[in-house]
Student: 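Below you will find the structure I want to go over with you.
First listed ligand is number 1; within each ligand, the first listed atom is number 1. The structure displayed is predicted, hence computed values, not measured ones. For reference, positions follow the sequence shown, starting with 1. What's counted below: heavy atoms across the whole structure, side chains too, no hydrogens, waters or symmetry copies.
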Amino acid sequence: MASGNRDSVLLEAQKSRVKPPPLYKVMLLNDDYTPMDFVVAVLQTFFSMTREQATQVMLKVHREGMGVCGVYPKDVAATKVEQVVSFSRKHQHPLQCVMEET
Ligand code: TYC
């Protein structure tokens, strides 16, 4: 304010009435046919994992049936699912990728 503190307005903190947007987990599901190397490449390409991180996540999915690749806002999660499924079908692999609210 140009004239210093004389005219200052005290702003009181207000409780926000809006909820933060929900987040979604993007998950890979195991299957018997998709090659391990392909899953590792998917995790590196679409989820920016190192080869080591990608290998750990791939092995978790392989052993436990599913695993989380990342957590994102809804539109980003939906895009990741679409990219993974489309890339997998293009290479004729049945890899499944799904999203679920956290
Ligand atoms: N189970 C697969 C195999 O033995 C590997 C695999 C891992 C497939 C993770 C899908 O999401 C997956 N070749």
Side-chain angles (χ1 to χ4, degrees):
M1 208 160 288
S3 53
N5 272 339
R6 264 186 312 125
D7 302 323
S8 349
V9 176
L10 178 64
L11 297 176
E12 285 179 14
Q14 270 199 355
K15 217 169 175 195
S16 171
R17 278 168 291 107
V18 287
K19 281 196 239 154
L23 292 174
Y24 288 76
K25 292 185 286 189
V26 174
M27 294 171 303
L28 284 184
L29 306 185
N30 189 35
D31 67 71
D32 292 338
Y33 306 103
T34 305
M36 290 183 172
D37 281 354
F38 183 83
V39 179
V40 170
V42 162
L43 290 165
Q44 290 185 258
T45 304
F46 297 108
F47 299 94
S48 307
M49 293 185 194
T50 63
R51 188 171 177 78
E52 292 69 31
Q53 291 169 324
T55 301
Q56 290 307 306
V57 173
M58 181 281 294
L59 286 173
K60 181 179 170 69
V61 178
H62 177 69
R63 293 178 181 136
E64 299 176 20
M66 66 159 63
V68 177
C69 315
V71 175
Y72 307 95
K74 191 176 197 174
D75 56 342
V76 178
T79 299
K80 300 275 181 200
V81 169
E82 169 58 31
Q83 287 174 326
V84 170
V85 171
S86 150
F87 186 70
S88 301
R89 297 305 168 272
K90 187 171 121 189
H91 291 271
Q92 301 181 345
H93 296 308
L95 182 62
Q96 291 186 75
C97 184
V98 297
M99 60 193 272
E100 179 183 283
E101 195 174 337
T102 56

Student: Which heavy atom of the protein is the closest neighbour of atom 8 (C) of ligand 1, given with residue, atom name and distance?
Tutor: Asn30 OD1, 3.4 Å
Student: Which atoms from ligand 1 have a heavy atom of Leu95 less than 4.0 Å away?
Tutor: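 Checking each atom against Leu95, I get 10 (C), 11 (O), 12 (C).
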Student: Answer whether the closest heavy-atom distance between the side chains of Lys80 and Cys97 falls below 4.5 Å.
Tutor: no
Student: Heavy atom to atom 13 (N) of ligand 1, shortest distance: which of Leu43, Asp32, Val39, Thr34 holds it?
Tutor: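 When every heavy atom of Leu43, Asp32, Val39, Thr34 is considered, Thr34 comes closest to atom 13 (N) of ligand 1.
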Student: Identify the closest protein heavy atom to atom 9 (C) of ligand 1: which residue and atom is it, and at what distance?
Tutor: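 So the nearest neighbour among protein heavy atoms is Val61 CG1, 3.5 Å.
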Student: Given 3.5 Å as the limit, does a donor-acceptor pair link the side chain of Thr102 with the main chain of Leu23, or not?
Tutor: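 Pair found, side chain donor or acceptor close to backbone of Leu23.
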Student: Ignoring hydrogens and geometry, is there a side-chain-to-backbone donor-acceptor pair from Arg51 to Thr55 under 3.5 Å?
Tutor: no
Student: About how many Å separate CD of Glu64 and CG of Asn30, when rounded to the nearest 0.5 Å?
Tutor: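 The CG atom of Asn30 sits 10.5 Å away from the CD atom of Glu64.
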Student: Apart from Tyr24 itself, what residues make up its hydrophobic cluster when side-chain heavy atoms of I, L, V, M, F, W and Y under 4.5 Å apart count as a link, directly or indirectly?
Tutor: Val26, Leu28, Met36, Phe38, Val39, Val40, Val42, Leu43, Phe46, Phe47, Met49, Val57, Met58, Leu59, Val61, Tyr72, Val76, Val81, Val84, Val85, Phe87, Leu95, Met99
Student: Given that the side chain starts at C-beta and the backbone is N, CA, C, O, which of these parts of Asp31 lies under 4.0 Å from ligand 1, counting heavy atoms, or is it both or neither?
Tutor: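 Looking at Asp31 and ligand 1, atoms from backbone and side chain both fall under 4.0 Å.
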Student: Would you mind checking which non-hydrogen protein atom is closest to atom 4 (O) of ligand 1, with the distance to 0.1 Å?
Tutor: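 Nearest protein contact, heavy atoms only, for atom 4 (O) of ligand 1 is His62 CE1, 3.1 Å.
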Student: For the pair Gln53 (side chain) and Thr50 (backbone), establish whether a donor and an acceptor sit closer than 3.5 Å, ignoring hydrogens and angles.
Tutor: yes
Student: Taking only heavy atoms of Leu29, which atoms of ligand 1 are found under 4.0 Å from at least one of them?
Tutor: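 Listed by number with element: 10 (C), 11 (O), 12 (C).
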